[in-house]
Amino acid sequence: MRRRLVRALARPLVLAAATTVIPMAASAPAAADSIVVGGFPVDVGESPWTVALSSRDRFGGTRAGQFCGGVAVGRTTVLTAAHCMDEEILGASPDRVPDLRVIAGRTDLLSDRGQEIAVRDTWVNPDYDRVTNSGDFAVLTLAEPLPSDSVIAMAGAGDSAYRVGTRATVYGWGDTTGAGTYAGSLHAARVRVQPDTLCESAYPGGPGGAYRAETMLCAGEIAGGRDACQGDSGGPLVAQGRLIGLVSWGAGCGWTGSPGVYTRVSDIVRTLG
Ligand code: ARG
């Protein structure tokens with residue numbers, strides 16, 4: 001039992017290793033880490049489009065099999081990160097994971113509230129680039145519809161929600177410390193949209209990826225402290241009530257000078273047409 005838990009939590013860390021950049025000497029973990037990191041607990045009723053991706057078969061049942069986040073943009077359409085569907089993470093292609101599900105309406109993974117809905121189909125962006133991490137999104141089609149109020153609108157190109165300085169909120173069940181402390185219940189952190197130039201200089205290219213302004217969005221706090229972290233990938237970044245990003249990658253979590261990198265939702269809208 002204990003062994004199973006260790007294995008289950010070890011898997012997402014493979015992902016962490018694969019997508020984490022080694023920080024420069026100047027970067028240091030910011031103080032006051034907690035949550036998503038630097039966040040606060042929220043009820044999923046406040047962001048009903050935020051869902052957990054689950055496979056107990058792959059990740060064990062301790063936290064209902066949660067391994068990534070997702071966001072409902074249609075009653076049977078959930079967006080997540082392409083890297084969440086990687087064979088390296090799932091141990092098989094997504095259509096071979098027998099119990100791939102979306103969990104909606106469940107704040108606390110240890111409870112049995114809300115719904116678990118089977119994933120009927122998975123589509124991974126064919127332009128996803130594992131070197132830069134560009135195009136990090138996948139579309140899941142659910143076997144049954146979510147309630148109509150569990151859907152969020154996507155912000156298209158030119159939407160004011162993408163303006164630098166805009167306040168945004170990121171949601172997830174991921175690591176709350178950057179040291180593998182996976183949350184049992186949903187957390188959120190408030191961040192701001194940052195200039196592309198900040199992420200371009202923070203992430204010119206390295207083991208975690210390379211920042212590309214056309215397909216990625218830079219968000220966080222200049223001083224660090226508030227950020228998404230491992231296990232949050234695929235989950236929503238919301239500004240002005242619209243979806244602007246999916247948690248994708250970054251160096252560490254909440255580190256000064258290393259903002260979070262998100263999949264730019266306007267690029268998803270453009271791709272999906
Ligand atoms: N790659 C991580 C995941 O799969 C997300 C990392 C986000 N990191 C960050 N510092 N914002 O869960």
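Not measured: the values here are computed from a predicted model. Order of listing sets the numbers, starting from 1, for every ligand and every atom in it.
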Exercise. Kindly determine whether R270 and D267 satisfy salt bridge (Lys or Arg N to Asp or Glu O under 4.0 Å), including the steps that lead there.
Key: CA-CA 5 Å; R270 186 190 57 78; D267 185 60; 2.6 Å; yes
Practice problem: Kindly state whether the ring of W249 and the ring of Y203 have centres lying under 6.0 angstrom apart. | Solution: yes
Quiz item: So which bit of A251 gets within less than 4.0 Å of ligand 1, heavy atoms only: side chain, backbone, both or neither?
Solution: neither
Quiz prompt | Interfacing atoms of ligand 1 (cut-off 4.0 Å, heavy-atom, G260) | solution = 11 (N)
Practice problem: Measure the acute angle between the ring planes of F59 and F67, then classify it against the limits of 30° and 60° as parallel, tilted or perpendicular. | Solution: parallel
Exercise. Enumerate the atoms of ligand 1 whose separation from the nearest heavy atom of V247 is less than 4.0 angstrom.
Key: 5 (C), 7 (C)
Exercise. Any atoms of ligand 1 less than 4.0 Å from a non-hydrogen atom of G231? List them with their elements.
Key: 3 (C), 12 (O)
Quiz prompt | Numbered atoms and elements of ligand 1 in range of D232, under 4.0 angstrom, heavy atoms | solution = 12 (O)
Quiz item: Just wondering, do Y171 and E46 contact through their side chains at under 4.5 Å, heavy atoms?
Solution: no
Exercise. For S233, take its heavy atoms, then give the atoms of ligand 1 lying under 4.0 Å from any of them.
Key: 1 (N), 2 (C), 3 (C), 4 (O), 5 (C), 12 (O)
Practice problem: May I have the step-by-step check of salt bridge (Lys or Arg N to Asp or Glu O under 4.0 Å) for D108 and R113, ending in yes or no? | Solution: CA-CA 8 Å; D108 182 353; R113 312 252 330 236; over 6 Å; no
Quiz prompt | Residue among V269, L237, V151, L79 satisfying side chain to side chain contact (heavy atoms under 4.5 Å, CB included) with L243 | solution = L79
Practice problem: Determine whether the side chain, the backbone, both or neither of C229 has a heavy atom under 4.0 Å from any heavy atom of ligand 1. | Solution: backbone
Quiz item: Mind checking whether G234 has a heavy atom under 4.0 Å from ligand 1?
Solution: no
Quiz item: Under 3.5 Å, is there a donor-acceptor pair between the D129 and S134 side chains?
Solution: no
Quiz item: Quick one: do R130 and D86 make a salt bridge, cutoff under 4.0 Å?
Solution: yes
Quiz item: Relative to the heavy atoms of D227, which atoms of ligand 1 are at a distance of less than 4.0 Å?
Solution: 9 (C), 10 (N), 11 (N)
Quiz prompt | For G252, atoms of ligand 1 separated by under 4.0 Å from a heavy atom | solution = 9 (C), 10 (N)
Self-check item: Ligand-residue contact atoms, ligand 1 with H83, heavy atoms, under 4.0 Å
Solution: 1 (N), 3 (C), 4 (O)
